[in-house]
Amino acid sequence: MKYAYLGPSGTFTESALLQLDGARDSERIPAANVNAALSMVREGDVDAAVVPIENSVEGGVSATLDSIATGDSLQIVAEILVPITFVLAVREGITELGQIRQVSTHGHAWAQCRLWAEANIPAAVFTPASSTAAGALGLQDPEQHHDAAICSPLVAEERGLHVLVRGVEDNLGAVTRFIVVTRPGRIPQPTGVDKSTLILPLAEDRPGALMGILEQFTARGVNLSRIESRPTGEGLGKYFFSVDVEGHVAQERVAAALSGLHRLCPELRFLGSYPAAQGAAPFVDTHNSDDAFIEARAWVDAVRARL
Ligand SMILES: O=C(O)C(=O)C[C@]1(C(=O)O)C=C[C@@H](O)C=C1
């Protein structure tokens, strides 16, 4: 396997990739940003990409949500969870927090450490980096000017960086969810604890449009585990919904919800059904079981046979 990931080496994304079976023997290509990683998949330069999609504190990763929602279709085949903790690494010569004038990290990491930074390095200006590891490596680059970086403990250790403070995150126990993305192909078999991801553009801007979408799930007992609205970029007020549901397209209730959604918004994108990284099998009422759907369809077919 050949994987692209949000690089350089030492990102949380690389840690996620290394959790995959056989990843240590695979070819791993660092990409400068999420879009570049997904382009490598679309163009066939790699078999798959690993990119962040959601953080338990900061929410959805817009670059990923937007990139998988448009352009050539992609498919999610797996998800990976990584516990997140950050350290404050500093440039050589910096020994106290008061000396820090510029701090660099990924925007999503900064959002998770903002309160700590306001309280402890209030004078420091934030310089965005393309990843936490890129910010950390910049500390060894004389051409870059930041004197501190917020990064993973691992990259600080691997690069021999001096760590001034550990655990600078505002919320203990944060987790980031990563996805493995391929070109559309075979859908992983259901495991019983699965997720499906959908992109739902609003076909019509009218009262109750979102309710109409949600009803498709409610009526079939399909639980949502994430729903986010993202601007389409076509103008103010134009949004699409990015949704994760509990269940697999092989299950009748999920398939029925998809079919209802397709009638409401034919432009919907099915981004895949894949094993959930954690959780239990969802509760399913008897009337939403596969058997109930199959039996109900047979009953209607028998009625229609008399036409
Ligand atoms: O910069 C990294 O190390 C990443 O893998 C990206 C990323 C993200 O986009 O959320 C991943 C995990 C952390 O939440 C912070 C940054």
Side-chain angles (χ1 to χ4, degrees), residues 3-20 23 28-41 46 48-69 76 78-89 103-117 126-141 144 146 148-159 161 163 165-181 226 228 230 242 244 277-278:
Y3 291 100
Y5 70 96
L6 172 66
S9 179
T11 57
F12 288 100
T13 313
E14 188 187 36
S15 304
L17 166 50
L18 290 172
Q19 284 189 33
L20 294 172
R28 304 187 295 276
I29 319 276
N33 53 54
V34 164
N35 256 322
L38 294 175
S39 295
M40 283 190 227
V41 180
V46 292
V50 177
V51 289
I53 185 163
E54 182 186 5
N55 171 265
S56 61
V57 175
E58 192 42 28
V61 178
S62 314
T64 302
L65 294 173
D66 294 349
S67 189
I68 57 176
I76 303 172
E79 67 171 5
I80 311 155
L81 303 181
V82 176
I84 303 294
T85 180
F86 296 107
V87 299
L88 184 82
V103 55
S104 181
T105 192
H106 188 273
H108 237 240
W110 180 244
Q112 294 173 65
C113 305
R114 200 177 279 135
L115 298 179
W116 182 90
F126 163 57
T127 313
S130 57
S131 68
T132 55
L137 298 194
L139 292 176
Q140 293 171 326
D141 178 352
Q144 294 194 32
H146 54 281
I150 291 174
C151 61
S152 77
L154 196 67
V155 75
E157 190 190 315
E158 278 175 4
R159 302 288 171 154
L161 295 171
V163 171
V165 188
R166 292 185 182 272
V168 297
E169 61 272 16
D170 298 328
N171 296 70
L172 285 180
V175 175
T176 296
R177 191 162 70 89
F178 296 83
I179 49 174
V180 182
V181 181
R226 180 184 62 84
E228 277 170 272
R230 290 288 311 151
S242 174
D244 288 343
Q278 67 177 25

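Counting convention: from 1, in listed order, for ligands and their atoms alike. Remember, predicted model here, so these are calculated numbers, not experimental data. This chain uses plain numbering: 1 for the first residue, then up along the sequence.
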Visitor: For the residue pair Glu79 and Asp244, establish whether any side-chain heavy-atom pair is separated by less than 4.5 Å.
Guide: no
Visitor: Report the distance from atom CZ of Arg159 to atom CG of Leu154, rounding to the nearest 0.5 Å.
Guide: 10.5 Å
Visitor: Salt bridge check: are Arg230 and Glu228 linked by an N-O gap of less than 4.0 Å?
Guide: no
Visitor: Let me confirm one number: the CG-CG distance from Leu139 to Leu161, rounded to the nearest 0.5 Å.
Guide: 5.5 Å
Visitor: How would you list, by chain and number, the residues with a heavy atom under 4.0 angstrom from ligand 1?
Guide: Leu6, Thr11, Phe12, Thr13, Pro52, Asn55, Ile84, His106, His108, Gln112, Ser131, Thr132, Thr176, Phe178
Visitor: Considering only residues two or more places apart or on different chains, which pairs with a residue in residues 107-117 satisfy side chain to side chain donor-acceptor pair (under 3.5 Å)?
Guide: Asn55-Gln112
Visitor: Would a distance-only check, ignoring hydrogens and angles, find a side-chain to backbone donor-acceptor pair under 3.5 Å from Glu158 to Ser9?
Guide: no
